[in-house]
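Proteins get letters first, then strands, A, B, ... in listed order; numbering begins at 1 in each. Nothing here was measured: the structure is a model prediction, and the numbers come from that model.
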Protein chains: 2
Amino acid sequence: MLVRSTPLSPAELRTFPLLKPLREELLLELGTSAHALELAANESLFRAGEPATALYGVLAGSIVLYRSSADGREQIVHDSGAGRTIAEAAVFLYGSFPVNARAGARGARLARVDGARFLELLDRDPSAMHSVLAALCRRLHELVDRVEMLSLPDAGQRLARFILRLPAEGRAGTFRVRLPVAKKDLAAQLAMTPETLSRVLKRWRDQAWAVVQEEEIELLDIAAIEELSGEP
Amino acid sequence: MLVRSTPLSPAELRTFPLLKPLREELLLELGTSAHALELAANESLFRAGEPATALYGVLAGSIVLYRSSADGREQIVHDSGAGRTIAEAAVFLYGSFPVNARAGARGARLARVDGARFLELLDRDPSAMHSVLAALCRRLHELVDRVEMLSLPDAGQRLARFILRLPAEGRAGTFRVRLPVAKKDLAAQLAMTPETLSRVLKRWRDQAWAVVQEEEIELLDIAAIEELSGEP
DNA sequence: CGGAATCTTGAACGATTTCAACGGTAGTGG
DNA sequence: CCACTACCGTTGAAATCGTTCAAGATTCCG
């Protein structure tokens with residue numbers, strides 16, 4: 001874990017929607033108690049149960065939040081890309097991390113912000129408080145979506161829904177996406193085995209519904225995938 | 001839907017952990033913009049997409065939060081018993097309800113609190129703000145638990161985990177629980193069919209792991225169920 | 001250039017869903 | 001008050017789907 005201990009600039013901190021509404025002076029102050037971190041691929045950031053003394057923002061790469069079961073299975077709770085903040089909730093409760101965190105397959109660059117300092121700031125700036133509240137509410141909705149997706153009984157349905165919610169590249173009428181994580185991790189996120197994921201994609205290929213190349217997926221028959229997903 | 005339009009007393013409002021830390025005067029004020037509601041079994045409270053102008057607290061009975069899929073399946077996001085508050089998140093975002101809500105099998109008595117009035121209050125009382133923040137964080141953790149549970153591949157495992165987290169009655173060493181919802185709803189919550197739930201319970205009975213009577217379940221072999229659940 | 005890890009594919013097994021039928025219960029209306 | 005209906009819960013049998021185990025292909029990293 002590489003640490004750069006120079007303060008983070010307000011501009012850097014403003015990449016996070018959570019901090020964006022803070023006044024310049026507060027960001028400057030917050031920057032002095034913040035560091036930048038660099039994590040290698042799959043490197044651990046923190047483990048569930050450790051006391052949460054800081055919150056983190058993802059500057060580049062991605063952070064995977066996961067639980068591990070007794071039998072070694074790894075359940076991915078969320079994959080956080082650039083601009084996301086992590087562990088605010090744990091910091092608020094003055095509690096400990098409820099999940100494990102590690103860098104994604106391509107490593108990660110992070111901002112580490114001192115928790116106590118952050119809490120102080122919130123009490124001084126109501127708009128910051130509102131921003132945090134809104135961020136938590138959005139996270140809540142994401143998790144509700146997640147719960148709904150996981151309760152779909154069919155593996156293909158879950159994958160279809162996941163892909164359709166990904167930001168698509170390309171012209172209107174076409175649908176190209178780049179998987180944000182390794183297929184292994186994606187499978188865990190969708191509550192299926194990597195084998196099943198591979199087979200679902202193969203089926204889509206065989207039926208000419210999609211073209212799959214490495215981490216790029218292009219949907220040829222969007223209507224079919226949408227119908228499979230249950231709802232657009 | 002039966003409405004009692006007399007104000008709610010601070011004592012009544014204080015049944016909700018969310019409102020507990022509010023000063024007496026604020027609760028009095030909040031009470032004047034609050035009503036009590038009475039819902040029959042399965043009666044609808046609100047539907048997903050409607051603008052959220054109020055939040056609700058469960059005084060008695062239960063409220064089921066759910067999504068319905070295109071094919072008519074009903075996925076239960078949460079079952080909220082007495083003391084729970086509902087829809088704070090939607091009110092904060094000045095948004096619309098992300099899920100449907102209806103009364104549980106035994107109906108529900110609710111407090112309806114005006115959203116705008118509540119938001120005002122929060123800005124005047126920092127401790128109230130903290131309380132709300134903490135409540136949202138706890139909800140977040142609950143959902144993370146839920147996501148983890150739903151990703152367990154085995155139906156028996158999911159049921160075991162659910163039951164072990166229920167508040168148990170009885171003396172130490174014994175474990176009796178009363179299911180908080182109808183078996184049909186419980187099955188939906190655990191992402192399985194009612195048939196599968198029935199069969200899992202039958203298996204537990206046959207192996208003398210549990211006694212099932214109506215909505216009462218007594219675990220005879222707690223160790224076995226705990227091992228099945230994957231972790232205590 | 002190994003070597004590890006990921007991804008893919010095959011086959012067999014196990015589990016859950018589906019479809020169907022039945023008993024019980026609660027609520028309705030005569 | 002009693003029949004009638006509707007729904008819930010249970011059980012059975014068959015089919016489907018996903019997992020597991022195993023092996024081969026590929027990529028990436030040291």
Side-chain angles (χ1 to χ4, degrees), chain A residues 40-43 64 69 71-76 102-107 149-160 178-207 210-217 228 230, chain B residues 40-43 64 69 71-76 102-107 149-160 178-207 210-217 228 230:
Chain A
N42 298 316
E43 191 179 349
V64 176
S69 335
D71 57 352
R73 288 176 58 93
E74 186 179 89
Q75 174 51 30
I76 295 186
R102 62 169 171 82
R106 284 186 280 276
M149 188 197 70
L150 284 175
S151 71
L152 295 172
D154 184 75
Q157 250 181 58
R158 296 200 296 278
L159 178 61
R178 164 178 289 273
L179 295 182
V181 287
K183 291 211 178 85
K184 176 181 75 104
D185 287 347
L186 177 58
Q189 206 169 145
L190 298 174
M192 63 181 84
T193 58
E195 291 95 323
T196 300
L197 174 59
S198 183
R199 276 186 258 270
V200 170
L201 285 174
K202 179 183 165 60
R203 201 186 317 147
W204 289 9
R205 253 188 290 129
D206 291 349
Q207 301 187 330
V211 179
V212 183
Q213 277 182 357
E214 305 284 310
E215 302 190 337
E216 298 274 355
I217 297 183
L228 178 62
Chain B
N42 299 315
E43 190 178 350
V64 176
S69 337
D71 58 354
R73 288 176 58 92
E74 186 179 88
Q75 175 51 30
I76 295 185
R102 63 169 171 80
R106 285 185 281 277
M149 188 198 71
L150 284 174
S151 72
L152 295 172
D154 184 74
Q157 253 180 60
R158 297 200 295 278
L159 178 61
R178 164 177 287 275
L179 295 181
V181 288
K183 290 213 179 81
K184 177 181 76 104
D185 286 347
L186 177 58
Q189 204 169 146
L190 297 175
M192 63 180 83
T193 57
E195 292 93 325
T196 299
L197 173 59
S198 182
R199 276 186 258 269
V200 170
L201 286 175
K202 179 182 165 62
R203 201 184 317 147
W204 289 8
R205 256 190 287 129
D206 291 349
Q207 302 188 328
V211 179
V212 183
Q213 276 182 0
E214 303 283 310
E215 301 190 338
E216 297 273 355
I217 297 183
L228 179 63

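- Here the shortest heavy-atom pairing between A:Ala155 and A:Val200 reads CB-CG2, 4.5 Å.
- Using a 4.5 Å heavy-atom cutoff, the side chains of A:Leu152 and B:Gln75 are not in contact.
- Residue B:Arg106 places no side-chain N or O under 4.0 Å from the OP1 or OP2 atom of C:dA26.
- Minimum interatomic distance between A:Ile76 and A:Asp185 (heavy atoms only, all atoms of both residues): CD1-O, 3.4 Å.
- When rounded to the nearest whole Å, the span between CG of B:Asp185 and P of D:dG9 equals 8 Å.
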Practice prompt. Could you run through nucleotides 13-22 of chain C and give me one letter per nucleotide, 5' to 3': B if any protein heavy atom sits under 4.0 Å from the base, S if only the sugar-phosphate is that close, - if neither?
Written response: ---SBBB---
Review item, nucleotides 25-30 of chain D N/O atoms under 3.5 Å of protein N/O:
none

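- The backbone N or O of A:Glu215 lies less than 3.5 Å from no partner atom in the side chain of A:Lys183, so there is not a single donor-acceptor pair.
- Between the CD atom of B:Gln213 and the P atom of C:dG24 there is a distance of 17 Å, rounded to whole Å.
- Nucleotide C:dT8 holds its C1' atom 16 Å from the NZ atom of A:Lys184, rounded to whole Å.
- The salt bridge (Lys or Arg N to Asp or Glu O under 4.0 Å) check on B:Glu195 picks up nothing, with sequence neighbours excluded.
- Atom C1' of nucleotide D:dG9 and atom CD of B:Glu216 are separated by 17 Å, given to the nearest angstrom.
- Distance B:Asn42 CG to C:dA26 C1': 13 Å, rounded to the nearest Å.
- Residues A:Ala188 and A:Glu74 approach most closely at CB-O, 3.4 Å, considering heavy atoms.
- What separates CD of B:Gln157 from P of D:dG18 is a distance of 18 Å, to the nearest Å.
- A close approach under 4.0 Å does not occur between any side-chain nitrogen or oxygen of A:Lys183 and OP1 or OP2 of C:dT6.
- Nucleotide D:dT19 holds its P atom 13 Å from the CG atom of B:Leu152, rounded to whole Å.
- Here the closest heavy-atom approach between residue A:Ala41 and residue A:Ala105 is recorded as CB-O, 3.2 Å.
- Here the P atom of nucleotide D:dC17 and the NZ atom of A:Lys202 are 17 Å apart, to the nearest Å.
- Nearest heavy-atom pair across B:Met149 and B:Gln189 is CE-O, 4.2 Å.
- Exactly one of B:Val212, B:Leu228, B:Ile217 qualifies for a side chain to side chain contact (heavy atoms under 4.5 Å, CB included) with B:Trp204. That residue is B:Leu228.
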